[in-house]
Amino acid sequence: MKILAIETSCDETSVAIVEYGVRVLSSVVASSSNLFYETGGVVPEVAARAQTEYILPVYKKALEQANLLISDIDFIAVTVGPGLIGSLFVGVNFAKTLSLATNIPVIPVNHLVGHIYSVFINTFIGETVQTKSVTFPSIALVVSGGHTDLVLLKNNTTIEYLGGTRDDAVGESFDKVARILNIDTYLGGPKLSKKASEFVGKNILKLPKPLIDTKEIEFSFSGLKTAVFKEKNNYSVAEIAFAFENSVCDVLFNKTQIVVKKYNPKSIILCGGVSANKKLRELFLSSFDSVFIPPLYLCTDNASMIGSAAYYYKKYATTNLSKIQANPSLSLANLY
Ligand code: KG4
Ligand code: ZN
């Protein structure tokens, strides 16, 4: 059972072929992020124009890499939201056109659900990724550029929303702080983390850890960004980056621990772009028993995770293409 998956929710154009939700047979990701360092953020129309150009060659390359023809494919999966509307349109319209030409049904996929199912993948183009399977119930912390959410997975297909951020998402705050500290203008999260790892000595600066001990399942990161702004001339860039990363990791970890105590899950999932963060990965791996974190190339946006999620949501497959619509306002609280 092979699914050809398409992901174009932000500035990536990605197509992957995934078998039985767990085996990635091919994966192609084209990014236009290099276009946005000057503007310091995605210009939606520019991203969508690049995706319009990339989608066909990326699709052809994905089939070629798997050595398959479109007639070998059982389902087409596509990210329908959340994301930038113009970008979502590119993937959704491509999926619908392909379906119209081939009669292959389309499975609509929520991008954030996709991030969660990135840990269900056990083979990536021949390489073993996970040797054990996720056990249920499971708690998932989804940390990306646009979202910070905690959810409960009761089984393979039942997701219950527990809570999320009141303001900035964690990836967004990494990126904004990287800009404040002049580390990078766009997607500075990884570089900020690298700067933090260069800090040596005893750190004096302590930054706030917003809502760390409250029982409510909610996050707030905008105040932390303001605190960095106030301190930016008083400490070295490395020390501020170190203190910032510490605060963020402690808050994410503590909140997850509060939820774990409450729900007593059998496993914990850490996923989304920020799950590429080394400190956060190490903290989760060393503190919880059964932890699932995607390999680095499945943390940030990719179509493989969309193909994995689609397998578990086959009941939404349809050839009635009017049912497949881009919806930028989907979330983990509003799945479909
Ligand atoms: O999931 P993703 O690729 O896109 C969204 O769905 O938003 O996440 C991208 C986010 C960006 O904010 C990026 O800076 C952040 O993930 N990120 C990191 C790291 N790698 C990516 N943040 C901190 N440390 C990292 N190593
Ligand atoms: Zn994402």
Side-chain angles (χ1 to χ4, degrees), residues 5-14 16 27 29-33 36-37 40-42 44 47 78-84 87-88 91 109-119 140-149 164-165 168-181 183-198 219 221 224-225 228 241-242 244-253 269-284 293-306 308-309 328 330-332:
I6 301 162
E7 154 66 40
T8 62
S9 66
C10 190
D11 61 357
E12 263 95 18
T13 308
S14 179
S27 166
V29 184
S31 175
S32 60
S33 62
F36 305 119
Y37 287 93
V42 181
V78 65
T79 301
V80 289
L84 302 168
S87 293
L88 292 168
V109 178
N110 177 313
H111 176 81
L112 298 163
V113 173
H115 273 300
I116 296 174
Y117 286 77
S118 64
V119 301
L141 173 66
V142 186
V143 277
S144 74
H147 296 264
T148 306
D149 295 302
T165 184
D168 291 356
V170 67
E172 181 184 358
S173 77
F174 261 98
D175 298 341
K176 284 180 177 167
V177 166
R179 200 177 315 156
I180 292 170
L181 298 178
I183 292 173
D184 212 341
T185 52
Y186 176 59
L187 290 185
K191 282 194 189 153
L192 176 73
S193 179
K194 188 166 177 288
K195 211 37 166 190
S197 70
E198 285 163 15
F219 301 94
F221 293 106
L224 191 50
K225 172 189 67 196
V228 167
F242 179 87
F244 169 78
E245 191 177 53
N246 247 353
S247 284
V248 167
C249 289
D250 282 358
V251 167
L252 292 172
F253 173 71
I269 296 170
L270 174 66
C271 60
V274 183
S275 70
N277 183 276
K278 193 163 179 269
K279 193 167 208 160
L280 190 61
R281 294 170 83 89
E282 283 169 1
L283 192 57
F284 270 63
I293 310 176
L296 293 182
Y297 48 82
L298 292 175
C299 289
T300 44
D301 292 348
N302 63 84
S304 304
M305 66 187 197
I306 303 302
S308 174
L330 292 180
S331 66
L332 282 170

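Both ligands and their constituent atoms are indexed starting at 1 by order of listing.
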* Asked: Does a side-chain heavy-atom distance below 4.5 Å link Phe221 with Thr148?
  -> yes
* Asked: For Leu112 and Pro82, which heavy atoms make the closest approach, and how far apart are they?
  -> CD1-CG, 3.8 Å
Enumerate the pairs of nitrogen or oxygen atoms, one from ligand 1 and one from the protein, separated by less than 3.5 angstrom; state names and distance to 0.1 Å.
{"from": "ligand 1", "atom 1": "1 (O)", "to": "His115", "atom 2": "NE2", "distance (Å)": "3.0"}
{"from": "ligand 1", "atom 1": "1 (O)", "to": "Gly273", "atom 2": "N", "distance (Å)": "3.0"}
{"from": "ligand 1", "atom 1": "1 (O)", "to": "Asp301", "atom 2": "OD1", "distance (Å)": "3.2"}
{"from": "ligand 1", "atom 1": "3 (O)", "to": "Asp301", "atom 2": "N", "distance (Å)": "3.1"}
{"from": "ligand 1", "atom 1": "3 (O)", "to": "Asp301", "atom 2": "OD1", "distance (Å)": "3.3"}
{"from": "ligand 1", "atom 1": "4 (O)", "to": "Asp301", "atom 2": "OD1", "distance (Å)": "3.3"}
{"from": "ligand 1", "atom 1": "4 (O)", "to": "Asp301", "atom 2": "OD2", "distance (Å)": "3.2"}
{"from": "ligand 1", "atom 1": "6 (O)", "to": "His111", "atom 2": "NE2", "distance (Å)": "3.2"}
{"from": "ligand 1", "atom 1": "6 (O)", "to": "Asp301", "atom 2": "OD1", "distance (Å)": "3.3"}
{"from": "ligand 1", "atom 1": "7 (O)", "to": "Gly145", "atom 2": "N", "distance (Å)": "2.8"}
{"from": "ligand 1", "atom 1": "7 (O)", "to": "Gly146", "atom 2": "N", "distance (Å)": "3.4"}
{"from": "ligand 1", "atom 1": "8 (O)", "to": "Gly145", "atom 2": "N", "distance (Å)": "3.3"}
{"from": "ligand 1", "atom 1": "12 (O)", "to": "Gly171", "atom 2": "O", "distance (Å)": "3.2"}
{"from": "ligand 1", "atom 1": "12 (O)", "to": "Asp175", "atom 2": "OD1", "distance (Å)": "3.4"}
{"from": "ligand 1", "atom 1": "12 (O)", "to": "Asp175", "atom 2": "OD2", "distance (Å)": "2.7"}
{"from": "ligand 1", "atom 1": "14 (O)", "to": "Asp175", "atom 2": "OD1", "distance (Å)": "2.6"}
{"from": "ligand 1", "atom 1": "14 (O)", "to": "Gly189", "atom 2": "N", "distance (Å)": "3.4"}
{"from": "ligand 1", "atom 1": "24 (N)", "to": "Asn277", "atom 2": "ND2", "distance (Å)": "3.1"}

* Take Glu172 and Thr165, measure what side-chain contact (heavy atoms from CB on, under 4.5 Å) needs, and give me the verdict at the end. => CA-CA 11 Å; Glu172 181 184 358; Thr165 184; over 6 Å; no
* **Distance-only donor-acceptor check, side chains Ser173 and Asp168, under 3.5 Å** => no
* Structure fact -> If you count every protein N, O or S atom closer than 2.8 Å to the Zn ion (ligand 2), you should arrive at 3
* To do: Describe, in one word, how the ring planes of His115 and His111 are oriented to each other, choosing from parallel (under 30°), tilted (30 to 60°) and perpendicular (over 60°).
  => perpendicular
* Would you find a donor on one side and an acceptor on the other, under 3.5 Å apart, between the side chain of Arg281 and the backbone of Ser275? -> yes
* To do: Start with the C-alpha gap between Val109 and Tyr117, add the side-chain angles, then the distance that decides, and say whether side-chain contact (heavy atoms from CB on, under 4.5 Å) holds.
  => CA-CA 11 Å; Val109 178; Tyr117 286 77; over 6 Å; no
* **Spacing of CD1 belonging to Ile116 relative to CG belonging to Leu332, to within rounding of 0.5 Å** => 5.0 Å
* Checking Lys195 against Phe244: charged group under 6.0 Å from the ring centre and within 45 degrees of the axis? -> no
